[in-house]
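Heavy atoms only: backbone and side chains are in, while hydrogens, waters and symmetry mates are out. All figures in this text were calculated on a predicted structure; none of them were measured in a lab.
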Amino acid sequence: MENTYNPAEIESKWQQSWTEQNLYKTDTTSTKPKFYALSMFPYPSGNLHMGHVRNYVITDVIARQKRMQGHRVLHPMGWDAFGLPAENAAIERGIHPATWTYQNIAHMRGQLQKLGLSIDWDREVATCSPEYYRWTQWIFLKFYEGGLAYQKDGMVNWDPIDLTVLANEQVDGEGRSWRSGAIVEKKALKQWYFKITDYAEQLLTDLEQLSGWPEKVRTMQANWIGKSIGANLEFPIVGTDEKIAVFTTRPDTVYGVSYVVLAPEHPLTAQVTTPDQKAAVDAFVSEIKAQSEIDRTAEDKPKRGVFTGAMATNPFTGAQVPIWIADYVLYEYGTGAVMGVPAHDIRDFKFAKQYDLPITQVIAAPSQNADAPLAAAYTEAGTIMNSSQFDGLDSVTAKKSIIDYAEQQGYGNGKIQYKLRDWLISRQRYWGVPIPIVHCPNCGAVPVPEADLPVKLPEDVEFTGKGGNPLAQLDSWVNVPCPTCGTPAKRETDTMDTFVDSSWYFLRYPDAGNDKQIFDSNITNDWMPVDQYVGGIEHAVLHLLYARFFTKIVRDFGAGDKGQTKFLTFDEPFKQLLTQGMVQSTTYKNPQTGKYIAPNSITDPKNPQDPVTGDVLEVSFEKMSKSKYNGIDPEQVISKYGADTARMFILFKAPPEKDLEWDEADVEGQFRFLNRLWRLAIGYQPKTANSGELSKSEKDLRRFVHHAIQAITEDLDGEYQFNTAISELMKLSNAITDADCKESPVYADAIETLMILAAPFAPHMVEELWQLTGHSGSVHEHPWCQFDPAALEADEITLVIQIMGKTRGTIQVPATKDAATLEAYARESSITKKFAEGKEIKKVIVVPGKLVNFIIG
RNA sequence: GGGGGUGUGGUGGAAUGGUAGACGCGACAGACUUAAAAUCUGUUAUCUGUAACGGAUGUGCGAGUUCGAGUCUCGCCACCCCCA
C-alpha cells in the first residue's frame with residue numbers, strides 16, 4: 001500500500017476515473033430537490049488565472065456538498081467566447097479568431113479539469129458557436145418583433161483604438177473604454193439599441209426580491225437605474241410658438257428660475273439663436289463635441305455656456321428669462337433642457353456666479369439670517385418663499401402642489417425620470433453575433449426569417465486592423481436578396497455587444513443540446529432560477545443588470561401554442577449571489593520612479609531594493625496582473641502542491657467576499673494539513689462495534705465529531721464561510737490526533753466523518769483515502785453527515801463566574817439547565833468567596849449552560 | 001457632495017449581547033538527526049507581579065444603553081468601493 005501523499009498521481013487518476021464513471025453528469029431523472037450552482041463563465045483569454053480558480057472552486061464546493069446533501073445538482077461551465085482579443089490576435093498574429101478562441105478553450109478546459117471541478121461537461125456552451133449564437137439571433141428577432149430592438153441616430157461613445165461603439169456602462173469614470181483604455185469620443189452614428197428603459201421600473205422594484213444578493217450590488221444597480229421623480233415643464237419661447245420642455249426634479253423651485261439652458265446638441269439651439277449670437281454659439285457647440293460626458297457634468301469642474309440671444313417665459317411668473325446653452329446639459333438625458341435655479345442647485349449657482357445671472361431664493365433654510373445673500377446653493381428642503389400662492393408651504397409638499405397646479409394650467413406634468421438609458425448593442429467588429437437584419441431599398445430593415453438562422457459569420461475574412469469592420473468589406477457576404485421582396489439588399493454588418501451573449505447563457509445550460517428551440521421551457525423552468533451564482537464584483541452593474549433584463553423579456557415572450565402565458569415562470573434569474581473578492585499578491589514598487597519591480601529581480605525579500613537604483617521598495621498587496629509582475633500561475637501551484645492544496649488555501653485564507661492575499665507560506669500550511677489528514681486516515685482500521693457504555697474520552701471525541709458536523713454544515717448553508725469550515729476540519733483532525741481511544745469504534749467513526757466532511761474541499765485526496773481505507777463507491781456520492789443533538793450533550797460544563805459583569809474565573813460543574821442549581825455551584829466556588837467575601841449579593845444573573853453573574857454592593 | 005463598506009495580536013482572520021484573539025501563518029524554545037529538511041512537543045495581545053494561585057489594560061476615538069458591548073445606539077476619525 002502506498003503510504004505517502006502524492007497529489008500529482010492521485011489527482012490525475014481520479015479526474016480520469018470520475019470522467020469515466022460519469023460521476024458529475026447532471027441527474028435529470030430523480031425527484032430530488034434541484035440545486036443550480038453557477039459560476040460566471042470565463043472569457044477564453046488563453047490562460048486560467050487565480051481569480052478564475054477562486055471563483056470555480058467556491059462554486060464547486062457548494063455543488064459537491066449539495067449533491068451529498070441529496071440534491072440533484074446542475075453545475076455547468078461554458079465560454080464567453082466572442083470579443084475583441086480574438087480579433088486583435090488575428091490582426092497581430094494572423095490566426096483566425098475562431099482558431100485562436102477554440103485553441104484557448106481547449107487549453108483552459110484542460111486547466112479547469114486539473115482543479116477537480118465537479119462540472120457536467122456535456123452541457124458546455126461557447127457563445128461563438130453557431131449552435132449557440134443562432135439563439136442569440138433568435139432572441140434579437142423577438143426583441144425586434146416586440147419593439148425592444150430599434151435603430152436610432154445618436155451621439156455614441158466611440159473607441160478610437162478598438163474602432164467601435166461602446167455602451168455607457170462600458171465607459172469608466174475617467175471617460176475611458178473599459179477594454180482599450182482609450183479616451184472615448186462622441187460620434188453621431190445610426191446604431192442598434194435594446195429598450196432596457198422599458199423595464200427600468202421592474203428592474204428597480206424587483207431588486208427587493210433579491211434578499212440573497214449583497215446589499216452593495218443592489219444599491220449599485222438602484223443607483224445606476226437612477227429613478228427620480230419630477231416634472232416636465234414648458235417654457236414658451238418669446239416671439240415664437242415653440243416651447244422649451246425642461247425636466248426638473250425640483251418643481252418646487254420653479255419661481256426661482258433665472259434662465260433656461262438647452263443642450264448644445266438640442267435641435268432648438270440652432271432655431272432660437274439670434275444672428276448676432278450665432279458665431280459664438282456655433283463655436284461653443286463644436287468645442288463641446290470633443291468633450292467627454294464626465295468632464296461636462298462633474299460638479300467640481302467649471303461650467304461654461306453661451307447666451308443664444310433668445311428669451312423664454314416662465315409660465316408661473318410671466319417673467320422673461322434668457323435662453324443659454326451649456327456644457328453640463330446633456331441631450332440624451334431628460335428633455336435635453338433644464339431650468340436654471342441658482343439659489344438651489346450647485347451647478348446652477350456656479351453658472352450664475354460665473355455669468356452674472358440673477359439668484360432668486362425661493363426656499364428658506366431653517367436657520368438662515370434673512371437678509372444675508374446665499375453664499376452657496378441651498379439644496380435641502382425648507383419653507384417656500386417668493387413663490388406667490390405657494391409661500392409658506394414646506395418644499396416637499398410644495399413639489400406636489402406645484403405639479404398639480406402646472407397640470408391644471410397646462411404648464412406641464414409630473415414625470416418619472418430614470419438615469420438608465422437604452423443599451424447600445426451595435427459593435428463594428430467581426431468577432432461577434434451578426435445582427436440578423438437585411439437592409440432593403442424598398443422594405444427598409446427586414447428581419448432574417450427564423451428558418452434562415454443562424455446568420456453565420458463568414459470565414460474567409462482578412463484581418464488587417466485597418467478600415468474598421470472587416471464584415472463591411474466582404475461584398476460576397478453583405479450582398480443578399482431582400483427576404484421579403486427579393487430586391488438586391490445589404491446585410492447589417494454590425495455585430496452585437498458580447499454582453500448580449502452572456503445575458504442569457506444560464507437559461508441555455510438546463511437544455512444545452514436542444515437544436516429545435518432555444519430551450520424547452522419546461523426544462524429551464526424546472527432548473528431555474530440559479531440557486532447560487534458566483535462571480536466577481538466587477539459585474540455588479542453590467543452583466544447582472546443585462547441578465548436580469550433579458551430574463552424579464554424572455555419571460556414575457558409567451559409560449560403561445562403550449563397554452564402558457566409566460567415562457568418563464570420566474571422574474572429574477574439569480575436567487576443568491578456571491579461576489580468573491582480579488583486575489584492579490586505582493587508587489588514591489590519603487591516610490592521614487594513609480595515603477596513596479598519583478599520579485600525575481602529582488603535579492604533580499606526582507607529588505608527589498610531596486611536592483612538598478614538601490615532605492616528601498618514599497619511592499620503591498622495588489623490585484624494580480626502582468627504589469628505588476630505579481631501573477632501566480634495556477635498550473636505551477638497545482639504541479640507543486642496539487643489542486644487539493646490550492647483549493648484548501650484559497651478557501652481558508654479569507655472569507656469568500658473579501659480580497660485574498662496570496663502567501664506561499666500559507667499554501668505550505670495547507671499542504672502540511674492535508675499530509676496530516678492523510679497520515680491520520682491511512683493508519684486507521686475500521687473496527688467492529690463494541691457494545692456497552694462509552695468511556696469519557698469516547699464521549700468527548702464523539703461530541704467533537706458532532707460539533708464539527710453541525711458547524712461545517714452551518715458554514716456551508718447559505719452564508720458560505722469556507723474559512724471557518726476548514727478551521728473546523730482542522731480542529732476535528734487535532735481532536736482525533738489527541739484522542740486516547742484509538743481502538744474504539746468512535747475513533748473509526750470520527751475518521752470516517754472527517755473524510756466525508758472534507759470531501760467537497762479536497763475531493764481527490766479524500767477519494768483516494770476513501771478507497772484505501774476499504775470503502776466501495778465514491779465518497780462524493782456518500783450522504784452528508786447528520787449530527788445528533790444528543791451527542792453534543794456534555795456531562796460537565798465550564799461555568800463562567802462573573803462579579804459585577806467581570807469574568808473572575810471558571811468552574812467545572814455537572815451539566816444542568818437548572819438556574820438555581822448553577823447559582824448554588826457558583827455561590828460555593830472559591831472564586832465567588834474570594835471576591836464577594838463580606839459583601840451583600842444584591843442580584844444574580846444566570847445564563848444556563850454559560851455563566852453566573854453576581855452583583856454585589 | 002451622496003450612497004455603501006471596513007477598522008480586532010507580528011500577520012490572515014475567529015467570536016447567536018456572555019471567558020476577545022478560535023484555526024492557520026510567522027517567530028521563539030525543545031525533541032529526533034553527524035547536520036539539514038520533514039515530523040513532533042511547548043510558548044507566543046500588552047504591561048505588571050508572586051514561592052504559587054495572580055493583577056491591570058486591551059477590538060480606530062468619544063459618549064450612551066445593559067448585570068455584561070468587538071457585537072446594539074449616537075457623534076467623530078481614518079481607509080476602501082460605487083455614483084456624481
Using the C1' atoms only, state how far B/G58 lies from B/U50, rounded to an integer number of Å.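 So the two C1' atoms sit 23 Å from each other.
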Which nucleotide wins on minimum distance to the side chain of [X], given the candidates [options]?
X      : options             : value
A/K216 : B/C81, B/G12, B/G13 : B/C81
A/P655 : B/G24, B/A14, B/U57 : B/A14
A/T724 : B/A14, B/G13, B/U19 : B/A14

Any strand counts, and the cut-off is 3.5 Å on both contacts for Watson-Crick or G-U wobble. Which nucleotide pairs with [N]?
N     : answer
B/C28 : B/G42
B/G1  : B/C83
B/A51 : none

Would you say [X] reaches [N]'s phosphate, i.e. side-chain N/O to OP1/OP2 under 4.0 Å?
X      : N     : answer
A/Q721 : B/A15 : yes
A/K731 : B/C23 : no
A/N734 : B/G24 : yes
A/K850 : B/C67 : no
A/R808 : B/A56 : yes
A/K419 : B/C83 : no

To the nearest Å, give me how far apart [atom1] ([X]) and [atom2] ([N]) are.
X      : N     : atom1 : atom2 : result
A/L420 : B/A84 : CG    : P     : 12 Å
A/I845 : B/A69 : CD1   : P     : 12 Å
A/I801 : B/G54 : CD1   : P     : 14 Å
A/I841 : B/C67 : CD1   : P     : 17 Å
A/I803 : B/U19 : CD1   : C1'   : 14 Å

Protein heavy-atom contacts under 4.0 Å, written 5' to 3' over nucleotides 38-45 of chain B as B (base), S (sugar-phosphate only) or - (none), form the string -SS-----
[X] and [Y]: side chain donor to acceptor below 3.5 Å:
X      : Y      : result
A/Y641 : A/E664 : yes
A/D740 : A/S697 : yes
A/T798 : A/Q812 : yes

Can you find an N or O donor on one side and an acceptor on the other, under 3.5 Å apart, linking the side chain of A/E215 with the base of B/G5?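 Absent.
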Quiz item: A/N223 side-chain donor-acceptor pair to B/C83 base, under 3.5 Å: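 Not at all, since no donor on one side and acceptor on the other fall under 3.5 Å apart.
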Is it the case that atom NZ in A/K623 sees more than 12 heavy atoms from other parts of the structure closer than 6.0 Å?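 No, the 6.0 Å shell around NZ holds no more than 12 heavy atoms from other groups.
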On RNA chain B, compare the nucleotides closest to A/N723 and A/M730; which residue's is nearer the 5' end?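 Here A/N723 is the residue nearer the 5' end.
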Taking for each residue the nucleotide of RNA chain B with the nearest heavy atom, is it A/D663 or A/D715 whose nucleotide lies nearer the 5' end?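 Looking at the nearest nucleotide for each, A/D715 comes out on the 5' side.
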A/V338 versus A/V329, closest heavy-atom pair with distance: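 For A/V338 and A/V329, the tightest heavy-atom pair comes out as CG2-CG2, 3.6 Å.
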Checking all strands, does [X] fall into the base, sugar-phosphate, or nothing category for heavy-atom contacts under 4.0 angstrom?
X      : result
A/E661 : sugar-phosphate
A/E657 : nothing
A/T810 : base

Glycosidic class, syn or anti, of B/G54 using a 90° window around 0: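 Glycosidic conformation of B/G54: anti.
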Can the ring centroids of A/F673 and A/F652 be said to lie less than 6.0 angstrom from one another?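 Centroid distance A/F673-A/F652: not below 6.0 Å, so no.
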